[in-house]
Amino acid sequence: MIAYPIDPAELIARIEQEKPGWLARARDRKDAYAQARAYVEGGEFWGEIKGVYIALQHEKCAYCEMKLAGKAYAAKVHEVEHFRPKSRLRAWPGDIKRLKGYTPPCATGGASATGYYLHAYNPFNYAIACTRCNSSLKSDYFPVRGTRNFREEDAGLLRSEDPLLVYPIAGLDVDPAELITFIGVLAVPVHAAGPLYERAEVTIRFFDLNHEDLTTRRAEVIAALYLALRGKELAADAADIRDFSDGIARYLSPATGFSACAAAYYALYQKDRSLAVQIGREAQKLLPR
Ligand SMILES: [Zn+2]
């Protein structure tokens, strides 16, 4: 995961520009849900502003950081994810089969027949996610350490719930890089204990961030970055050095898939060259032949 910084007012302005009138309709819809004290299914229109988030997130999933297809022909590939589920909540890990026997490091909150209905049309409750992370894994789960608050309308103030997952947009939450880093292809908590460790541990488990469907893709990035770093070292010609430098910069850019993993590998390469070389070679072996 990486942070997608944007001034909140700028995000609102982009939404108004993308779909004039959307914000007013969203306010009306929120008022209706407030009166009903529930989310009422039907006539959803959050998809109309999807393009704002696709651009902000460089076409990447908010959680696994996979680069998705371009928006021109593949809008369906990008799902509008409600960070706080709108209609109901299931207990996590509950009866999720793959997490059978797993004990979270802290309280994770219970189930609820009510969801965060006041945030169904809150732009600060949206992110773009892939089908894997949004539909298969996130679903109606939203683990919190504290007490759920279905009445608060300000997404920023909902941090008092002590959520365990991280909202990466507009600086409303900690930078994911403060929680999760990478050793080679593996996502690991930055801290060894404490609240930030707990958030990292739950987020890694929740999104199954070390499943091979992601580690093999991260291996492609590390293998390529390793070759670019080595190439730059060995190159004698100024033009070659510039080409390798450009390649390295591209892998580290937030616009590239798995850039958080690339950044961690780059840092390791500066700090512990022999371990980085070893990991770079191991990454080559993980690639399909
Ligand atoms: Zn994803």
Side-chain angles (χ1 to χ4, degrees), residues 1-18 22-23 26-27 30 46 49-68 78-86 116 118-130 133-134 138 142-146 148-149 152-182 187 189-191 194-204 206-207 209 252-264 267:
M1 287 185 76
I2 61 165
Y4 297 99
I6 182 171
D7 186 291
E10 170 64 18
L11 181 64
I12 293 297
R14 285 189 197 178
I15 289 169
E16 188 55 31
Q17 194 181 20
E18 173 97 357
W22 188 94
L23 292 161
R27 266 193 302 276
K30 184 204 71 187
W46 48 70
I49 57 165
K50 195 188 259 190
V52 172
Y53 296 84
I54 294 176
L56 175 65
Q57 294 173 220
H58 316 287
E59 304 173 354
K60 297 201 294 188
C61 171
Y63 301 117
C64 71
E65 240 207 298
M66 195 170 338
K67 188 96 174 174
L68 306 175
H78 302 259
E79 296 191 353
V80 177
E81 131 79 349
H82 286 77
F83 182 60
R84 284 179 166 81
K86 58 196 175 301
Y116 296 88
L118 293 176
H119 298 272
Y121 280 91
N122 182 346
F124 298 102
N125 192 42
Y126 294 158
I128 288 302
C130 70
C133 292
N134 184 38
K138 181 98 176 355
F142 189 71
V144 295
R145 257 182 311 221
R148 296 192 192 283
N149 182 350
E152 178 55 61
E153 290 187 19
D154 185 330
L157 295 178
L158 280 172
R159 282 186 73 179
S160 62
E161 287 186 318
D162 222 347
L164 286 155
L165 305 181
V166 186
Y167 185 67
I169 292 173
L172 293 185
D173 205 337
V174 296
D175 186 328
E178 290 179 36
L179 304 179
I180 298 171
T181 185
F182 294 85
V190 170
H191 303 274
L196 292 181
Y197 160 77
E198 290 170 3
R199 292 192 79 178
E201 157 65 21
V202 166
T203 300
I204 290 166
F206 188 98
F207 289 110
L209 292 182
L252 298 177
S253 162
T256 301
F258 308 112
S259 61
C261 176

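Computation of the quantities below employed the complete heavy-atom set of this structure, encompassing side-chain atoms and omitting hydrogens, waters and symmetry-equivalent molecules. Along the sequence shown, the residues carry numbers beginning at 1.
- The main-chain N or O of L165 is found under 3.5 Å from a side-chain atom of R199 such that the two form a donor-acceptor pair.
- The shortest heavy-atom contact between N122 and A155 is ND2-CB, 3.7 Å.
- Contact annotation: the side chain of E178 never approaches that of V190 to less than 4.5 Å [non-hydrogen atoms, C-beta and beyond].
- For the pair W22 and E16, the tightest heavy-atom approach, listed with the atom from each and the gap, is N-OE1, 4.5 Å.
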Task: H58 and Y4: CA distance, side-chain angles, deciding distance, side chain to side chain contact (heavy atoms under 4.5 Å, CB included) verdict - done: CA-CA 9 Å; H58 316 287; Y4 297 99; 4.0 Å; yes
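- From H78, atom NE2 reaches atom CD1 of I128 across 7.0 Å, with rounding to the nearest 0.5 Å.
- At least one donor-acceptor pair closer than 3.5 Å links the side chain of R84 to the backbone N or O of L158.
- In plain terms, the two heavy atoms of A129 and N134 that are nearest each other are CB-CB, 3.8 Å.
- Under the 30°/60° scheme for interplanar angles, the aromatic rings of F207 and Y63 are found to lie parallel.
- Distance check: I6 CD1 to L172 CG gives 11.0 Å after rounding to the nearest 0.5 Å.
- Taking every heavy atom of both residues into account, C261 and F182 meet most closely at CA-CD1, 3.5 Å.
- Taking the charged nitrogens against the carboxylate oxygens, E10 and R14 do have a contact shorter than 4.0 Å, which makes a salt bridge.
- The two atoms that bring P143 and V202 nearest to each other are CG-CG1, 4.1 Å, heavy atoms only.
- Listed for the K60 side chain is a donor-acceptor partner under 3.5 Å among the backbone atoms of T256.
- Contact between E18 and G51 at its shortest, heavy atoms only, is OE2-CA, 3.7 Å.
- Annotation: the span from K67 atom NZ to C61 atom SG amounts to 13.0 Å, rounded to 0.5 Å.
- E65 contributes a side-chain N or O that, together with a main-chain N or O of S259, makes up a donor-acceptor pair within less than 3.5 Å.
- To the nearest 0.5 Å, the span separating CG on D175 from CE on M1 amounts to 9.5 Å.
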TODO: Decide yes or no on side chain to side chain contact (heavy atoms under 4.5 Å, CB included) for E81 and Y126, but give the supporting numbers first.
DONE: CA-CA 6 Å; E81 131 79 349; Y126 294 158; over 6 Å; no
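- One N or O on the side chain of D173 and one on the backbone of Y167 form a donor-acceptor pair closer than 3.5 Å.
- You'll find the side chain of I180 reaches within 4.5 Å of the side chain of L209, heavy atoms only.
- Formation of a donor-acceptor pair under 3.5 Å by the Y53 side chain with backbone atoms of P123 is found in this model.
- The main-chain N or O of V144 is never found under 3.5 Å from a side-chain atom of E161 such that the two would form a donor-acceptor pair.
- A heavy-atom distance below 4.5 Å is found between the side chains of Y116 and R148.
- Counting only heavy atoms from C-beta outward, the side chains of I169 and Q57 approach each other to under 4.5 Å.
- The main-chain N or O of E152 is found under 3.5 Å from a side-chain atom of H119 such that the two form a donor-acceptor pair.
- Rounding to the nearest 0.5 Å places CG of L118 at 9.0 Å from CG of N149.
- Panel note: side chain K138, backbone F206; no donor-acceptor pair is recorded below 3.5 Å.
- Between F124 and F83, the gap from one ring centroid to the other reaches at least 6.0 Å.
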